[in-house]
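Reckoned from all heavy atoms, side chains included, excluding hydrogens, waters and symmetry mates. Residue numbers begin at 1 in each chain, while the letters A, B, ... track the order of the sequences.
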2 protein chains.
Amino acid sequence: MERREKIPKATITRLSLYYRHLELLEFDGYRTVASEKLAWLCQVNPAQVRKDLGYFGEFGIRGVGYDVRELQREIKKILAVNREWRMGIAGIGNLGTALLKNQNFKARGFRFVAAFDTDPEKIGNQLSSGLVIRDIRDLKELVKQYRIDIGVISTPYSGAQETANMFFDAKVAAILNFSPAQLQAPDHCIIENIDFTVKLDILTYKLKNEIAI
Amino acid sequence: MERREKIPKATITRLSLYYRHLELLEFDGYRTVASEKLAWLCQVNPAQVRKDLGYFGEFGIRGVGYDVRELQREIKKILAVNREWRMGIAGIGNLGTALLKNQNFKARGFRFVAAFDTDPEKIGNQLSSGLVIRDIRDLKELVKQYRIDIGVISTPYSGAQETANMFFDAKVAAILNFSPAQLQAPDHCIIENIDFTVKLDILTYKLKNEIAI
DNA sequence: CATTGTGAACTCATTCACAGCG
DNA sequence: CGCTGTGAATGAGTTCACAATG
């Protein structure tokens with residue numbers, strides 16, 4: 001059981017994928033699954049599955065495979081999704097509203113507990129979820145009050161860094177950034193970016209090349 | 001000028017990033033920029049910038065750096081974003097609506113030319129952009145008619161594969177998938193996934209570890 | 001003479017191949 | 001016997017270091 005080996009980021013991404021497929025396997029009535037099958041489902045190499053899991057422990061039974069439910073539990077522990085995470089979202093435009101209504105977050109224990117905006121027209125409005133949009137100037141105070149773990153940024157480009165700074169100031173430990181801005185962050189804050197246009201650029205690059213060649 | 005060397009996917013992602021920062025640099029009045037500065041802005045290594053660009057040609061001037069506007073043009077050519085791309089979106093829920101209204105796409109030449117849904121309540125409704133929501137059963141025909149290059153999937157998990165199959169059938173060359181489903185795709189179609197919960201899982205994993213250690 | 005462009009060195013990630021074990 | 005777990009081999013991507021040059 002090797003700990004503190006350096007773990008590739010791609011491993012974490014795949015773990016998330018394995019987890020999702022294990023849910024489906026369980027739903028389909030499987031009790032156990034071999035690395036070969038799980039790998040096939042996730043479109044990766046079987047050795048990759050075993051190596052990924054091997055970073056964190058020995059979860060399999062030789063000659064049999066992995067117990068579907070137990071492996072789910074283990075991956076949840078590894079990813080730290082075996083608990084509720086409290087999120088605050090800043091920027092309640094179209095995207096922000098869509099994120100607030102997104103069922104996938106809730107289903108996985110990611111819960112929006114506060115919503116912020118700068119627009120006086122929006123502040124005070126009640127969302128369908130019951131949340132009331134708060135003034136972003138109260139962000140710091142409310143992060144504490146609502147014990148927010150994760151800040152979500154869905155502002156336009158222009159407001160993103162400023163919003164991030166408020167989250168940093170409030171000592172939020174992690175940010176999920178949906179704006180195309182590249183945020184300058186202090187060491188104590190972890191950032192993940194979800195950048196739509198970068199993905200589209202990758203797509204068009206591939207289109208140009210895969211098709212031309 | 002090395003062509004047909006294998007180019008890392010990460011290089012393409014960074015190219016997209018370089019481009020965005022070059023826009024900002026131009027806006028700030030810069031005529032040239034050295035790899036060191038561009039690298040610093042993008043939070044990468046200067047040699048990385050030069051290597052990335054080196055895959056596609058020699059765009060710099062030794063002793064000076066890169067011409068900001070010319071490099072923009074070159075990267076646009078490389079990424080094939082020096083043209084308009086026509087997109088069709090399937091699944092006009094909260095997320096789909098937000099994507100349709102997203103200004104970042106339009107600003108970069110990615111244009112929604114059709115919107116599809118299965119819900120009879122929605123079909124026929126006109127969106128603020130002027131687009132009318134069409135029945136997804138007409139997808140194949142309309143992909144041709146509107147010369148759609150890229151399919152965007154913003155359906156829930158359940159409908160995603162079926163929707164993708166329709167795009168495949170209509171011979172769309174690329175798909176941007178916002179659903180958490182892992183799509184099975186034929187060879188002729190390129191897929192990029194934007195998966196919110198995977199990103200959150202990465203975040204919580206990091207939170208658990210960076211903080212614990 | 002500052003900065004690019006690039007082979008070589010290095011670091012990180014994936015896959016192989018097989019010993020170990022239920 | 002079948003499948004895991006893992007060290008060793010391979011492959012990919014990044015960084016170094018410096019020769020080339022406008």
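Taking atom CD on B:E36 and atom P on C:dT4, their separation rounds to 9 Å, with Å as the unit. When rounded to the nearest whole Å, the span between NZ of B:K6 and C1' of D:dT14 equals 13 Å. Atom NZ in B:K37 sits roughly 16 Å away from atom C1' in C:dA2 (whole-Å rounding). Distance A:F56 CZ to D:dG5 P: 14 Å, rounded to the nearest Å. The distance from atom CG of B:D52 to atom P of D:dA12 is 17 Å, rounded to the nearest whole Å. What separates CD of B:E58 from P of D:dA19 is a distance of 18 Å, to the nearest Å. Summarising the geometry, the separation between CG on A:N45 and P on D:dG5 is reported as 15 Å, rounded to the nearest angstrom. With rounding to whole Å, A:R62 atom CZ is found 6 Å from D:dG5 atom P.
For the pair B:P8 and B:I61, nearest-nucleotide mapping onto DNA chain D gives the more 5' position to B:P8. Toward the 5′ end of DNA chain C lies the nearest nucleotide of B:G63, the other residue of the pair A:A10 and B:G63 mapping further downstream.
Taking every heavy atom of both residues into account, B:I92 and B:T97 meet most closely at CG2-OG1, 3.9 Å. Listed here is the closest heavy atom pair of B:S35 and B:R50: OG-NH1, 3.1 Å. Taking both residues in full, the closest heavy atoms of B:K206 and A:I191 are given as NZ-O, 4.4 Å, listed atom of the first, atom of the second, then distance.
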Please walk me through it: do A:L71 and A:D67 pass side chain to side chain contact (heavy atoms under 4.5 Å, CB included)?
-> CA-CA 6 Å; A:L71 192 52; A:D67 183 280; over 6 Å; no
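For the pair B:Y66 and C:dA2, the criterion of a side-chain N or O lying under 4.0 Å from OP1 or OP2 is not met. Distances shown here put a side-chain N or O of B:R14 below 4.0 Å from the OP1 or OP2 atom of D:dT14. Within the structure, a side-chain polar atom (N or O) of A:S35 is placed less than 4.0 Å from OP1 or OP2 of D:dT4.
Side-chain N or O atoms of A:W85 include none that pairs as donor or acceptor with a backbone N or O of B:L200 at under 3.5 Å.
Across all strands, B:A34 comes closer than 4.0 Å only to sugar-phosphate atoms, never to a base (heavy-atom distances).
Here C:dT4 is the nucleotide among C:dT14, C:dT4, D:dT14 with the atom lying nearest to any side-chain atom of B:R50.
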